[in-house]
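Take a look at the structure below.
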Amino acid sequence: EMARDMSVDVQVIEDKVEELEEVNPMLGHRGCRLGVVYPEITEMQARAILEAAVEVAQDGVTVIPEIMIPLVGTIEEFRHQRRTIETTAEKVFDEMGNRVSYMVGTMIEVPRAALIADRIAAEADFFSFGTNDLTQLTFGYSRDDAGKFLPFYVDHKFLVADPFQSIDIDGVGSLVKTAVKLARSVKPDIRLGVCGEHGGDPSSIRFCHSVGLTYVSCSPFRIPIARLAAAQAVGE
């Protein structure tokens with residue numbers, strides 16, 4: 001139905017779905033890579049966020065959307081996506097006769113992004129460390145398949161813990177520390193947080209606090225534990 005409404009042939013959509021199918025989507029055409037090749041996807045998502053924001057602002061609710069660009073590995077990707085969002089925002093504000101403030105930040109999920117975090121921070125309003133993907137890409141483990149050997153690794157002390165449950169401080173943590181240091185060297189007050197399973201793990205929260213992250217984001221059922229752990233980390 002929707003394809004017809006948009007005057008697109010259903011077969012065209014089916015062909016595109018087939019063409020975009022991947023063997024290893026974790027390392028594939030996703031995140032900002034999809035938005036770079038198909039800017040209309042980023043435009044559609046930015047438009048949805050900003051139209052909704054303007055609507056609630058007109059109802060008297062104060063709202064400042066934080067738009068996060070995922071899987072950035074190069075400054076060029078971030079620039080392209082930020083430009084696309086800003087152009088879309090201007091169109092939405094013109095159409096709706098109203099404006100809202102908004103922020104554009106990025107997910108640090110690719111090790112390369114952590115290593116060039118100063119360049120990205122110069123142009124981003126905030127960072128959130130996507131530690132699930134950062135762990136996958138740092139270890140070269142697929143989160144979906146590593147369950148076959150991770151319990152063995154933990155039992156036999158190849159790893160102190162499952163790195164998807166508790167952040168790997170030596171490796172992944174080192175990339176986070178590097179990124180924090182580089183980002184703050186150019187933008188001392190940049191907001192830095194973490195989102196992923198680690199956001200609800202007490203030892204990971206302690207680590208995040210120790211390196212100067214300002215917030216954690218996690219799934220709803222982990223919030224009570226996360227709040228307690230964050231309070232304890234601050235108390236220490």
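- Between Val110 and Val72, the closest side-chain pair of non-hydrogen atoms is not below 4.5 Å.
- The hydrophobic cluster containing Phe78 does not contain Leu71, counting ILVMFWY residues as joined when their side-chain heavy atoms lie under 4.5 angstrom apart, directly or transitively.
- Interatomic distance, Arg82 CZ to Ile120 CD1, rounded to the nearest 0.5 Å: 13.0 Å.
- Taking the ring pair (Phe, Tyr, Trp, His ring centres under 6.0 Å) definition, one finds that Phe93 meets it with nothing, sequence neighbours left out.
- Counting heavy atoms from C-beta on, the side chains of Pro111 and Leu134 come closer than 4.5 Å.
- Every residue two or more places apart in sequence or in another chain that forms a side chain to side chain donor-acceptor pair (under 3.5 Å) with Gln136 is listed here: Asp133.
- Going from atom OG1 of Thr42 over to atom NE2 of His80 covers 7.5 Å, rounded to the nearest 0.5 Å.
- Criterion: ILVMFWY side-chain heavy atoms under 4.5 Å apart, direct or through other members. Under it, Ile85 and Ile49 are part of a common hydrophobic cluster.
- Gly200 approaches Ile225 most closely through the heavy-atom pair O-CG2, 3.8 Å.
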Can you give me every donor-acceptor pair (side chain of residues 54-67, partner residue at least two apart or in another chain, under 3.5 Å) with its distance?
residue : atom : partner : partner atom : Å
Glu66   : OE1  : Arg191  : NH1          : 3.4
Glu66   : OE2  : Arg191  : NH1          : 2.8

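- The cluster map of Ile, Leu, Val, Met, Phe, Trp and Tyr, joined by side-chain heavy atoms under 4.5 Å apart, puts Leu115 and Ile75 in the same cluster.
- Residues Cys32 and Ile69 approach most closely at CB-CG2, 3.8 Å, considering heavy atoms.
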Can you give me every donor-acceptor pair (side chain of residues 171-181, partner residue at least two apart or in another chain, under 3.5 Å) with its distance?
residue : atom : partner : partner atom : Å
Thr178  : OG1  : Ser174  : O            : 2.8

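- Side-chain atoms of Asp125 do not come within 3.5 Å of backbone N or O of Gly105 as any donor-acceptor pair.
- The side-chain heavy atoms of His29 and Leu20, taken from C-beta on, include a pair separated by under 4.5 Å.
- Applying the side chain to side chain donor-acceptor pair (under 3.5 Å) test to pairs two or more places apart or on separate chains, those with a residue in residues 101-123 are Arg79-Glu123.
- Partners of Ile223 under the side chain to side chain contact (heavy atoms under 4.5 Å, CB included) rule, at least two apart in sequence or in another chain, are Cys218, Arg227.
- Using a 4.5 Å heavy-atom cutoff, the side chains of Met107 and Cys195 are in contact.
- Of all non-hydrogen atoms in Phe127 and Ala117, the two that sit nearest each other are CZ-O, 3.5 Å.
- Of all heavy-atom pairs spanning Val216 and Gly199, the tightest one is CG2-O, 3.6 Å.
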Pair Asp168, Thr135 - check side-chain contact (heavy atoms from CB on, under 4.5 Å), show working.
CA-CA 8 Å; Asp168 159 51; Thr135 299; 5.8 Å; no
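- Considering only heavy atoms from C-beta on, Phe129 stays 4.5 Å or farther from Ile167 through its side chain.
- One hydrophobic cluster, built from ILVMFWY side chains closer than 4.5 Å, holds both Leu192 and Ile169.
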Evaluation steps, side-chain contact (heavy atoms from CB on, under 4.5 Å), between Phe207 and Leu213
CA-CA 9 Å; Phe207 167 76; Leu213 301 191; over 6 Å; no
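- When the side chain to side chain donor-acceptor pair (under 3.5 Å) test is applied to Glu95, the partners found at least two apart in sequence or on another chain are Arg47.
- In this structure, the side chain to side chain donor-acceptor pair (under 3.5 Å) partners of Arg222, at least two apart in sequence or on a different chain, are Glu197.
- Between the CD1 atom of Ile190 and the CG atom of Leu182 there is a distance of 11.5 Å, given to the nearest 0.5 Å.
- Side chains of Leu27 and Leu137 form a contact here, defined as non-hydrogen atoms less than 4.5 Å apart.
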Contacts under 3.5 angstrom, residues 144-163 side chains, donor-acceptor by atom type, not counting sequence neighbours:
residue : atom : partner : partner atom : Å
Asp145  : OD2  : Ser142  : OG           : 3.2
His156  : ND1  : Phe152  : O            : 3.0
Asp162  : OD1  : Phe164  : N            : 2.7

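- Residues satisfying the side chain to side chain donor-acceptor pair (under 3.5 Å) test with Glu90, not counting sequence neighbours, are Arg99.
- Linking ILVMFWY residues whenever their side-chain heavy atoms come closer than 4.5 Å, directly or via other members, places Ile108 and Val211 in the same cluster.
- Under the salt bridge (Lys or Arg N to Asp or Glu O under 4.0 Å) criterion, the residue pairs touching residues 10-20 are Lys16-Glu19, with sequence neighbours excluded.
- To the nearest 0.5 angstrom, Met96 atom CE is 9.5 Å from Leu50 atom CG.
- Listed by first then second residue, pairs satisfying side chain to side chain donor-acceptor pair (under 3.5 Å) with a partner in residues 198-212 read Thr131-His198, Ser166-Asp201, Ser166-Ser203, Asp201-Ser203, Asp201-Ser204, not counting sequence neighbours.
- Between Gln81 and Val36 there is a side-chain heavy-atom pair separated by less than 4.5 Å.
- Thr88 and Ala46 get closest at one heavy-atom pair: CG2-CB, 4.2 Å.
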